[in-house]
Amino acid sequence: MPVLPTSLPRHAMALVGCLSLAAACASPTKDAAGAKGGAAAQRTERETLSQALAEEDWLAAREALTPLIVAAGREAAATALESGDGRAALDALEAPIDLAEDDAGLWWLRAEAAMATATNDSQPRFYYEDAAVSYERAFRAGRQAQGGKLTGREVACLVGISRAKRMSLDTEGALTLARNAGRALELLEGPAPVLDPPLPVVWGQAAFDAYVAARQAGEDAQALFLETEDQLSQAVGLEDQRQFALTQLANLHQWNGDLDSATVCIEQALRYEPEDAALHQRLVGLLNQAGGRPAIRARYASWVESFPRSAQGAWYAAVTAFEDALDAFAAGAGERAAFAAAEAEFARCRGLDETLQASCWNYEACCRSATGFLLLNEGDTQGAAAAFRSMDALFPGGITIALGDRLPNGLAGLEFVLGRLAKSPQDMEAMVEAAAIADELFGRRPDAANDANNAGFFNRDAAVLLERAAMQAADPEAREELLT
């Protein structure tokens, strides 16, 4: 390599610095033959640059340095994108794009970098708009380089513009570009590009947005409905997009007022992922909208029969059984057997999926609380108190679980038992039981003045009756005196 002069103009030294940077950033290609050829080309370019600098031919030096900077920037941007750092990729592309404005590949990388950056930015719209512009520049530069012909890259650019415009809320532009991409695919002479996401997904989403906008504006949207349905139906045939497409088709049919078709789509998706909680939640919403709880009850009775090991099926069957029992309870026609059946189904459910354990326990506690109130209504104060206390046997603090105004917790249940027992102040067994409950409530809530007061009074009344009973047992003739 020629020896450079020791004193060079400032802009020449800048070129030397850029050369060093370009050489440092450039990394060898994975292909051995390509690496050998690339290294040879870069060596030739560096030798040309060194010669130009030695001869102080600045234009020639710049011409020799440009491909080195472009190659280094391209490589750095691609590496940054692979690691998910869109901002670093954008930074790496600034100088290369300034030097090679007609390089379609650089504009493509810039568009991809802008899309990646938008997903993590507080103002993503700016980056989505930047991405749309960059995709368009890549499209135009690519067509120009190909003499006006379309390649797979240009089709991918049209799809990219559609995605970027949709994310920047340009509904009309997104749909127009998706349609253009579809026409471009038909005209494509070479191999079709691998698009991620595929065109039917991008086109279907853009058409869906336009359909919703038209419906909200009170316009005729039937053509857009059919266009959306067609694209999403094609996406259903793509295994990695199937679930998304079926869910979107369900949304489309629901928007169109066709709950039956929406339900069919969700049930089709559940055939592939039978334990998908979000899909079950969606199905329950559709069933409830179409036929209320009876529709949910019937569907999940069938589901549990077909999939006895399905935790989601057991969950919704249990919830439905519980709601039915609670409605009867509220109407004054509650049955302990109904709550026992619901509790058993919740217990079975948590045995199938431990992630549902806490939710099931809460419902099981509510079943026991309801059972306690039913026993109290039947006059069985001891049975009621035992039912309320059993809520804590499920898990610590279970006795505090309630359903708002629909069903009080077990502590409130014990208070109701206490109130019922207080109506029999001369019944020794009732007062002894009341004193025990009052002590328990005070022990659980030692700072509650009312509990402390109740504990004192009920223990006093129970003690008086016990003393009378003891005296009567010792002297049966004193019976009348004890009771007056």
Side-chain angles (χ1 to χ4, degrees), residues 166 171 175 178 197 200-308 310-328 342 345 349 356 359 363 406:
R166 177 174 181 265
T171 301
L175 182 54
V201 172
V202 175
W203 193 341
Q205 288 180 297
F208 196 174
D209 289 348
Y211 166 77
V212 171
R215 285 289 305 274
Q216 291 175 332
E219 301 171 356
D220 180 16
Q222 184 60 22
L224 287 168
F225 171 84
L226 294 174
E227 182 177 4
T228 306
E229 184 181 40
D230 176 60
Q231 293 301 318
L232 291 177
S233 296
Q234 292 182 49
V236 171
L238 306 172
E239 185 175 352
D240 59 339
Q241 300 294 331
R242 180 181 55 219
Q243 299 300 88
F244 167 80
L246 285 170
T247 302
Q248 285 296 84
L249 274 172
N251 292 337
L252 177 67
H253 288 303
Q254 190 170 10
W255 258 97
N256 204 42
D258 187 352
L259 296 179
D260 289 341
S261 294
T263 301
V264 168
C265 290
I266 296 300
E267 290 188 326
Q268 184 178 348
L270 278 169
R271 285 202 292 271
Y272 296 103
E273 296 182 19
E275 290 301 287
D276 187 309
L279 287 175
H280 278 282
Q281 188 174 12
R282 184 68 191 283
L283 178 60
V284 167
L286 288 168
L287 291 170
N288 188 54
Q289 190 175 351
R293 196 183 304 150
I296 300 173
R297 183 190 311 112
R299 182 65 189 87
Y300 278 92
S302 173
W303 181 275
V304 169
E305 185 176 344
S306 300
F307 303 98
S310 169
Q312 288 294 318
W315 169 259
Y316 283 106
V319 169
T320 304
F322 175 81
E323 292 292 340
D324 286 343
L326 194 60
D327 281 353
E345 192 65 14
C349 176
L356 295 173
S359 298
Y363 270 104
R406 301 178 69 196

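Starting from 1, each residue takes its place in the sequence as its number. Heavy-atom basis, side chains included; hydrogens, waters and symmetry copies ignored.
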Which atom names give the shortest non-hydrogen contact between [X] and [Y], and what distance separates them?
X	Y	value
L175	A210	CD2-CB, 3.8 Å
D276	L279	OD1-N, 3.0 Å
A311	C349	O-SG, 3.4 Å
V304	A317	CG2-CB, 3.9 Å
T228	G204	CG2-O, 3.6 Å
A262	H253	N-CB, 3.7 Å

Between [Y] and [X], is there a side-chain heavy-atom distance shorter than 4.5 Å?
X	Y	result
Y316	Q281	yes
S359	W315	yes
D327	R293	yes
T263	L283	yes
R166	T171	no
V319	I296	no
Y300	T320	no

Answer yes when R297 and E323 have at least one side-chain N-carboxylate O distance shorter than 4.0 Å, and no when they do not.
no
Could you tell me whether Q222 atom CD has more than 12 heavy atoms of other residues or ligands within 6.0 Å of it?
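Enclosed.
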Name all residues meeting the side-chain hydrogen bond (donor to acceptor under 3.5 Å, both in side chains) criterion together with Y363; count only those two or more places apart in sequence or in a different chain, and write none if there are none.
none
Intermediate values then yes/no, side-chain hydrogen bond (donor to acceptor under 3.5 Å, both in side chains), D209 and Q205
CA-CA 6 Å; D209 289 348; Q205 288 180 297; over 6 Å; no
Ring centres of H280 and W303 under 6.0 Å apart?
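Yes, the ring of H280 comes within the 6.0 Å limit of the ring of W303, centre to centre.
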Closer than 3.5 angstrom, by distance alone: can the side chain of E275 be matched with the main-chain N or O of Q312 as a donor-acceptor pair?
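Yes, the answer is positive, given that a donor and an acceptor are paired below the 3.5 Å cut-off.
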Can you tell me if R299 uses its side chain to pair, donor with acceptor, with the backbone of L287 under 3.5 Å?
no
Test: side-chain hydrogen bond (donor to acceptor under 3.5 Å, both in side chains). Region: residues 240-249. Which pairs qualify, not counting sequence neighbours?
Q248-N251
Calculate, to the nearest 0.5 Å, the distance between atoms [atom1] and [atom2] belonging to [X] and [Y] respectively.
X	Y	atom1	atom2	value
E229	L252	CD	CG	6.5 Å
C265	L270	SG	CG	11.5 Å
Y211	N256	OH	CG	4.0 Å

Check the pair V236, Q268 against side-chain contact (heavy atoms from CB on, under 4.5 Å), reporting the backbone distance first and the verdict last.
CA-CA 10 Å; V236 171; Q268 184 178 348; 4.3 Å; yes
